[in-house]
Amino acid sequence: MKDYLEAQLREVLAAMEGVPADFQPEFETPSNPDHGDLATNAALQLARPLRRNPRQIAEEIATRLREKPLDPKKITDVEIAGPGFLNFRFAEHFLTQELAGLLAAGEAYGRTDGGQGKTAIVEYVSANPTGPLTVGHGRNAVLGDTIANLLDWTGYAVTREYYFNDAGRQMRILGESVCARYQALVDPALPTKKIKVGEGEFAEVPETFPEDGYLGDYIHDIARRLYDAHGDALGDDVKPFKEAAEKAIFADIKATMQRLGIRMDTYFNEHSLYEKDDVWKTLDRLREAGFVYDKDGAVWFETTKFGKEQDTVLVKSSGEPTYRLPDIAYHADKLARGFDKIVDVFGADHIATYPDVVSGVEVLGYDASRIDVVIYQFVTLVRGGEPVKMSTRKATYVTLDELMDEVGEDVTRFFFLMRAPQTHLEFDLDLAKEASDKNPVFYLQYAHARICSILRKAEEVGFTFGEAPDLDLLTHEAETVLMKELFRFPEVVQQAAKAREPHRLATYLRDVATAFSGFYRDCRIVGEERALATARMHLAHAARLVLHNGLTVLGISSPEQM
RNA sequence: GCCCCCGUAGCUCAGUGGAUAGAGCAUAGGUUUCCUAAACCUAGUGUCGCAGGUUCAAUUCCUGCCGGGGGUACCA
């Protein structure tokens, strides 16, 4: 419809004097229904170049549009309002045509092919296997997964990738932590020590426990399982402990992701970049390009040439690379794999590092504009009105599993998606637990379940989807309001995908549920005359489809009864 | 110091150039002989942090300031 009107308007404007050739008319859907279904501010924008009163310009455009004339099966009315807006009103017939299209598309309604078969890779979660996923990881996981869904729905072939590092210092400490716990099981008389874990807080640990070791219960569990399986045969070589811990923790992480409905396509081990020698080749190429120098025994990247205040160390004087170098190699790898869109989902703590990655791959000759970094702000966990400091190492965290046990998988996903990524998310655990039935996700699911119930009841009394509906019977205001709301769905999906902002879809679905409530209140099905009831069944079904499809994109179930 | 994000109703947040700034929660009241009351309806509140600027039009864009958070390691 927008396309039709834009074409008509362009023809009219082309015939008017003084309109710039490159003038781009803008359309919008007015929030106030009195202002019609679609409006354009063209006359206001033209006021300056034409040096005429905008209302006068609007009059001329309106007259010319009426003379064309506009197709009465699409547009019934053009009016001038306010300072010079042109408001258009859709013909009812147009709405019912759209409804037929929606019903025909079914569970594919909302899918568009703007991606044109292009490829995208979304990197998310990417937690190193040092402990269970926490609430903090949850926002990353759910955001990334939903952005991947949105890209899928807008025509991209999407790869979901999990990047991890199981070779660094943290993993060694993990192995040592398990080893120490194991040794204490072998010999309970082993001496212990106290280590500081915070301001005035101490933990009693085995003598061999690393100073900055991991204190979580899962470490005990892993040690206990190793002891049960191998007795005292393992000795004090850290390697088997590290490997066992990684395996157990990764299995745990994957199980948690599965509960959230997340399935990765690929797991990318940072170590593979060393096996392929990519890390050092990357360094050589940066050096050849003239952006690398040696100083104080370390290797530096000249990030000052890209507007940063300081240069950045790529290789420490110990000969060990900092994480930036493999990060650059990894992104070069993704670019070389040919993805059209590369989306990274990072916490706010990465905000200073990704520009280095962008600079790095540009130096390597790649088009860094293909990379799109979604930075989300941290989750502040609040319990009993107090913010909770979370640390994987100190084991002062709430796991994602615990959260899902308390409030459920659907609420967990929805909660993380409700707000714009760039705003801080205050997660009040007490509220989430105690008042979880007030979470908006139930509002959406309830609306869906209620539609299913209505349709079941309608079929019980003898109405059927087998009959061709006369959709033109849908002229009640509550019906047209609902239809217009439903038709926004594909555009909302596109906008949410483009902006990488899933919360737009969550907000929209609430509006759909509200519009359906209005229909439910004013328009009955059971008890109505057969033709009207049949038409309304189809409209209710359309509303169910939009809710179901929208919830599917968000990764949330749409129950048929509650 | 410098960089990034945020500042909108009592609370949590939508709203990125338009016509009277919205929703949920909370508060007060009302609605079930009627397809699911996990619902619906009604009532009320705003110096859109402050000050300038650009524009026919600014909560939205630009600059400065104030406040909150994050970053600014040869840590990841």
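Below, chain A is the first sequence line, B the second, and so on; all start at residue 1.
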*Which of the following nucleotides, B/A19, B/G69, B/G18, is nearest to the side chain of A/N41?*
B/G18
*Take the protein atom CZ of A/F301 and the nucleotide atom C1' of B/A73, then report the distance between them rounded to whole Å.*
18 Å
*Counting side-chain heavy atoms from C-beta on, which of B/C40, B/C35, B/A38 comes nearest to A/S517?*
B/C40
*What's the closest nucleotide to the A/Q45 side chain, out of B/A19, B/C56, B/G1?*
B/C56
_Does A/A352 reach a base, just sugar-phosphate, or nothing at all? Heavy atoms under 4.0 Å._
sugar-phosphate
_Options B/G71, B/C35, B/A14, nucleotide nearest the side-chain atoms of A/K457_ = B/C35
*Assign A/E528 to base, sugar-phosphate, or nothing according to its heavy-atom contacts below 4.0 angstrom with the strands shown.*
nothing
_Nearest heavy atom decides the nucleotide; on that basis, is A/A420 or A/N165 closer to the 5' end of RNA chain B?_
A/A420
*Carefully, step by step, assess A/Y508 and A/Q495 under the rule side chain to side chain donor-acceptor pair (under 3.5 Å).*
CA-CA 11 Å; A/Y508 163 75; A/Q495 287 172 345; over 6 Å; no
*When you check the gap from the basic side-chain N to the acidic O, do A/E176 and A/R172 get nearer than 4.0 Å?*
yes
*How about A/E79 and A/H35: do any of their side-chain heavy atoms sit closer than 4.5 Å?*
no
_Mate of B/A37 where both pairing distances stay under 3.5 Å, Watson-Crick or G-U_ = none
*Nucleotide opposite B/A9 in a Watson-Crick or G-U pair, distances under 3.5 Å*: none
*With a centroid cutoff of 5.5 Å and a plane-angle limit of 30°, would you call A/F85 stacked on B/A19?*
yes
*For B/U63, which nucleotide is its Watson-Crick or G-U wobble mate, given both distances must be under 3.5 Å?*
B/A51
*Would you mind classifying the nucleic acid contact of A/E309 as base, sugar-phosphate or nothing, using non-hydrogen atoms under 4.0 angstrom?*
base
*Give none if B/G18 has no partner; otherwise give the nucleotide forming a Watson-Crick or G-U wobble pair with it, both distances under 3.5 Å.*
B/C56
*Is the closest side-chain heavy-atom distance between A/R500 and A/V373 below 4.5 Å?*
no
*State which of B/G18, B/G69, B/G71 makes the closest approach to the side chain of A/D349.*
B/G71
_Just the rounded figure in Å: distance from P of B/A38 to CD1 of A/I451._
16 Å
_B/C2 pairs with, by Watson-Crick or G-U criteria that keep both distances under 3.5 Å_ = B/G71
_Identified pairing partner of B/G46, criterion: Watson-Crick or G-U wobble below 3.5 Å_ = none
*For A/N87, answer base if it contacts any base atom (sugar-phosphate contacts may also be present), sugar-phosphate if it contacts only those atoms, and nothing otherwise; contact means non-hydrogen atoms under 4.0 Å.*
base
*Of all the nucleotides listed (B/C41, B/A76, B/A19), which has the minimum atom distance to the side chain of A/E28?*
B/A19
*Using the purine O4'-C1'-N9-C4 or pyrimidine O4'-C1'-N1-C2 torsion, is B/U32 syn (within 90° of 0) or anti?*
syn
_5' priority, RNA chain B, between A/T423 and A/E320 [closest heavy atom]_ = A/T423
*Between B/C74, B/C2, B/G70, spot the one nearest the side chain of A/I351, thanks.*
B/G70
*Any side-chain heavy-atom pair of A/V292 and A/W300 under 4.5 Å*: no
*Do we see A/Y520 stacking on the base of B/C40, given a limit of 5.5 Å between centres and 30° between planes?*
no
*What's the spacing between A/R52 CZ and A/M16 CE if we round to 0.5 Å?*
5.5 Å
*Contact class for A/A39 vs. all strands (heavy atom < 4.0 Å): base, sugar-phosphate, or nothing?*
base
*Describe the nucleic acid contact of A/A81 in one word from base, sugar-phosphate, nothing, applying a heavy-atom distance below 4.0 Å.*
base
*Among B/C40, B/A19, B/C6, which nucleotide sits nearest the side chain of A/R521?*
B/C40
*Given A/F442 and A/F414, is the ring pair (Phe, Tyr, Trp, His ring centres under 6.0 Å) satisfied, shown in steps?*
CA-CA 10 Å; A/F442 291 115; A/F414 195 82; 9.7 Å; no
*Measure from the side-chain heavy atoms of A/R419 and tell me the nearest of B/G1, B/G18, B/A14.*
B/A14
*Report yes if the ring of A/H503 lies under 5.5 Å from the six-membered base ring of B/A14 with planes under 30°, and no otherwise.*
no
*Is any side-chain N or O of A/N439 under 3.5 Å from a base N or O of B/A38, one able to act as donor and the other as acceptor?*
no
*Which nucleotide sits closest to the side chain of A/R510: B/G68, B/A23, B/C74?*
B/A23
